[in-house]
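First up is the structure itself, then whatever we jot down about it.
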Amino acid sequence: MEQIEWSSLGFGYVKTDYNVRCYYRDGKWGELEVTSDESINIHMAATCLHYGQEAFEGLKAFKGKDGKVRIFRMDENAKRMIRSAEGVVMAPVPQELFEAACIKAVKMNERFIPPYESGASLYIRPLLIGLGAQVGVKPAPEYLFIVFVTPVGPYFKEGFKPTPMAIMRSYDRAAPLGTGTIKVGGNYAAGMIPTVLAHEKGYSACLFLDAKEKKYIDECGPANFFGIKDNTYITPESSSILPSITNMSLMQLAKDLGMKVERRPVPEEELLEFEEAGACGTAAVISPILRIDDLDEHKTYEISKDGKPGKHCEKLYNTLRAIQYGDAPDVHGWVKVID
């Protein structure tokens, strides 16, 4: 393979050697298959193309100083994909099958795992799609589960540095009783216009308000939101937010570090009170927020006064990364070491 400049990798696709696949047919899952083919041959009337029967996950593998490879919280990704499959009436991938496919994909592409302290990691993308030719709105007769991997750098090109974000009230990511709590492509498609507009205006992301009342912070397009004040980690509770595994981990680490944790509705006006804030997710880990501009109400909420990440964000970020790379004890059993 061509020599990869690990430290200059962005968050994009790099071809690797193999991907792993498994088909669901006649009411049961088959055996794992390995291929080097990057394409999928599917019928033009497949339900994934017409009715959005699709779900995906994102997790990472890290190479530690000791040379061992660790996958972070794979069990939680497996459980979330089961919930996503059930949410759009697809055959769920059993947790054991999900984990076996991820481990196989990582092992077979081991030469693409970025070295320790390169600032990069191996991103793992499990994908579940509905197959079978039909034009009626009903669940697919067959499903395909794929896991591919690719080395990636930071999701936000600025890395761990505060960036500005924007609130745009004329767009919603997901309805309160819709698919916001599961990881399906439709949620990301719905947020595509405001995300592109935000980027064009110089913002790193769009921060969505709740779709019902436009009063409460919901989430950033690709990540959960959190704010910190009075030694308390506060993250929104909502019926349209995707439960982030990174956010779940940060809540536990905040408790470990002696902080209080609150998961509750967060009114927009409370942004004035936060000493620190950030977006968190598998891709970004933590992206600290510089300021938030409400473009419709012409309001600005200054978060970082000196343009640097706050002390709590920094501590949480470094603690989580240390666990992922094996530099700190894994007291919560979050890491799977690959033999």
Side-chain angles (χ1 to χ4, degrees), residues 4 6-14 16 54-63 70-74 76-78 80-81 84 102 105-106 109 112-114 118-127 147-165 173-174 180 182-185 187-192 194-196 198-199 203-208 218-226 235 241-251 253 277-289 309 313 316-321 323-325 334-335:
I4 295 175
W6 303 111
S7 60
S8 60
L9 273 176
F11 197 87
Y13 178 76
V14 174
T16 53
E54 173 272 356
F56 68 99
E57 274 300 324
L59 58 160
K60 285 180 177 177
F62 305 86
K63 184 168 283 185
R70 295 166 172 82
I71 302 179
F72 186 69
R73 304 205 76 170
M74 176 169 54
E76 290 297 335
N77 288 97
R80 189 168 67 179
M81 182 169 252
S84 295
C102 289
V106 170
N109 294 286
F112 290 94
I113 303 174
S118 62
S121 55
L122 188 73
Y123 187 75
I124 306 166
R125 170 54 61 88
L127 172 68
V147 178
F148 68 85
V149 300
T150 188
V152 296
Y155 186 82
F156 293 113
K157 64 180 185 294
E158 296 85 0
F160 188 64
K161 179 186 172 188
T163 60
M165 297 190 180
R173 173 188 159 271
I182 59 177
K183 198 168 178 69
V184 294
N187 298 333
Y188 296 82
M192 197 79 77
T195 297
V196 169
H199 290 165
Y203 299 99
S204 62
C206 178
L207 185 59
F208 292 94
D218 225 41
E219 68 166 275
C220 307
N224 276 191
F225 171 86
F226 69 88
T235 193
I241 291 178
L242 178 73
S244 161
I245 293 162
T246 302
N247 198 7
M248 189 195 321
S249 306
L250 291 174
M251 284 189 266
L253 293 179
C280 62
T282 297
V285 186
I286 291 177
S287 179
I289 297 174
C313 280
L316 287 166
Y317 177 82
N318 290 334
T319 302
L320 183 59
R321 299 273 287 170
I323 294 169
Q324 291 173 331
Y325 281 97
W334 288 345
V335 168

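We're numbering straight along the sequence, starting at 1. Since the model is a prediction, treat every value here as computed from it, not as a measurement.
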Check your understanding: Could you walk me through whether E219 and L242 pass the side chain to side chain contact (heavy atoms under 4.5 Å, CB included) check?
Key -> CA-CA 8 Å; E219 68 166 275; L242 178 73; 3.9 Å; yes
Check your understanding: Who pairs with Y13 by side-chain contact (heavy atoms from CB on, under 4.5 Å), at least two apart in sequence or on another chain?
Key -> K15, E38, F148, T150
Review point. Are the side chain of S204 and the backbone of P164 linked by a donor-acceptor contact shorter than 3.5 Å?
Key: yes
Exercise for review: Start with the C-alpha gap between Y188 and K183, add the side-chain angles, then the distance that decides, and say whether side-chain hydrogen bond (donor to acceptor under 3.5 Å, both in side chains) holds.
Suggested key: CA-CA 9 Å; Y188 296 82; K183 198 168 178 69; 2.7 Å; yes
**Study point:** Minimum-distance pair of heavy atoms, taken over all atoms of A190 and P194
**Key:** O-CD, 4.1 Å
Check your understanding: Below 4.0 angstrom, N of the basic side chain to O of the carboxylate: do R80 and E57 qualify?
Key -> yes
Point to revise | Atom pair CE/CG of M81 and N77 - distance to nearest 0.5 Å | key: 9.0 Å
Exercise for review: Measure across T163 and S287 and return the closest heavy-atom pair with its distance rounded to 0.1 Å.
Suggested key: OG1-OG, 3.9 Å
Exercise for review: Measure the shortest side-chain to side-chain distance between P126 and C102 over non-hydrogen atoms and say whether it is less than 4.5 angstrom.
Suggested key: yes
Point to revise | By side-chain contact (heavy atoms from CB on, under 4.5 Å) - contacts of P151 (at least two apart) | key: I4, W6, L9, V14, T16, F112, P114, L122
Exercise for review: Give the intermediate values and the outcome of side chain to side chain contact (heavy atoms under 4.5 Å, CB included) for residues F62 and R321.
Suggested key: CA-CA 10 Å; F62 305 86; R321 299 273 287 170; 4.3 Å; yes
**Study point:** Euclidean distance, N247 CG relative to T282 OG1, rounded to 0.5 Å
**Key:** 11.0 Å
Exercise for review: Considering non-hydrogen atoms only, spot the tightest contact between I241 and D218 and give its length.
Suggested key: CD1-O, 2.9 Å
Exercise for review: Output yes when a side-chain donor or acceptor of T235 lies under 3.5 Å from a complementary backbone atom of F225, and no otherwise.
Suggested key: yes
Revision key, fill the gap. Tightest non-hydrogen contact, residues A105 and V147, listed as CB-CG1, 3.8 Å
**Study point:** Student check: side-chain heavy atoms of I71 and V106 closer than 4.5 Å
**Key:** yes
Practice item. To the nearest 0.5 Å, tell me how far S84 OG sits from F56 CZ. Key: 8.5 Å
Practice item. Identify the two heavy atoms, one from A277 and one from C313, that lie closest to each other, and give their separation to 0.1 Å. Key: O-SG, 4.2 Å
Point to revise | Flag side-chain contact, heavy atom, 4.5 Å: I323 against L253 | key: yes
Practice item. Mind checking the SG-CD1 spacing from C280 to I245? Nearest 0.5 Å is all I need. Key: 11.5 Å
Practice item. Output, in order, the C-alpha distance, side-chain angles, deciding distance and verdict of side chain to side chain contact (heavy atoms under 4.5 Å, CB included) for Q324 and R70. Key: CA-CA 7 Å; Q324 291 173 331; R70 295 166 172 82; over 6 Å; no
Check your understanding: Angle class for the F160/Y317 ring planes (parallel below 30°, perpendicular above 60°, tilted otherwise)?
Key -> parallel
Review point. OG1 of T246 to NZ of K60: how many Å apart, nearest 0.5 Å?
Key: 8.0 Å
Practice item. Can you measure from CD1 (I289) to CG (L207) and round to the nearest 0.5 angstrom? Key: 6.0 Å
Practice item. Could you point out which residue of N109, L59, I113 forms a side-chain contact (heavy atoms from CB on, under 4.5 Å) with V149? Key: N109
Exercise for review: Would you name the heavy atoms of F208 and C220 that are closest together and state the gap between them?
Suggested key: CD1-C, 4.3 Å
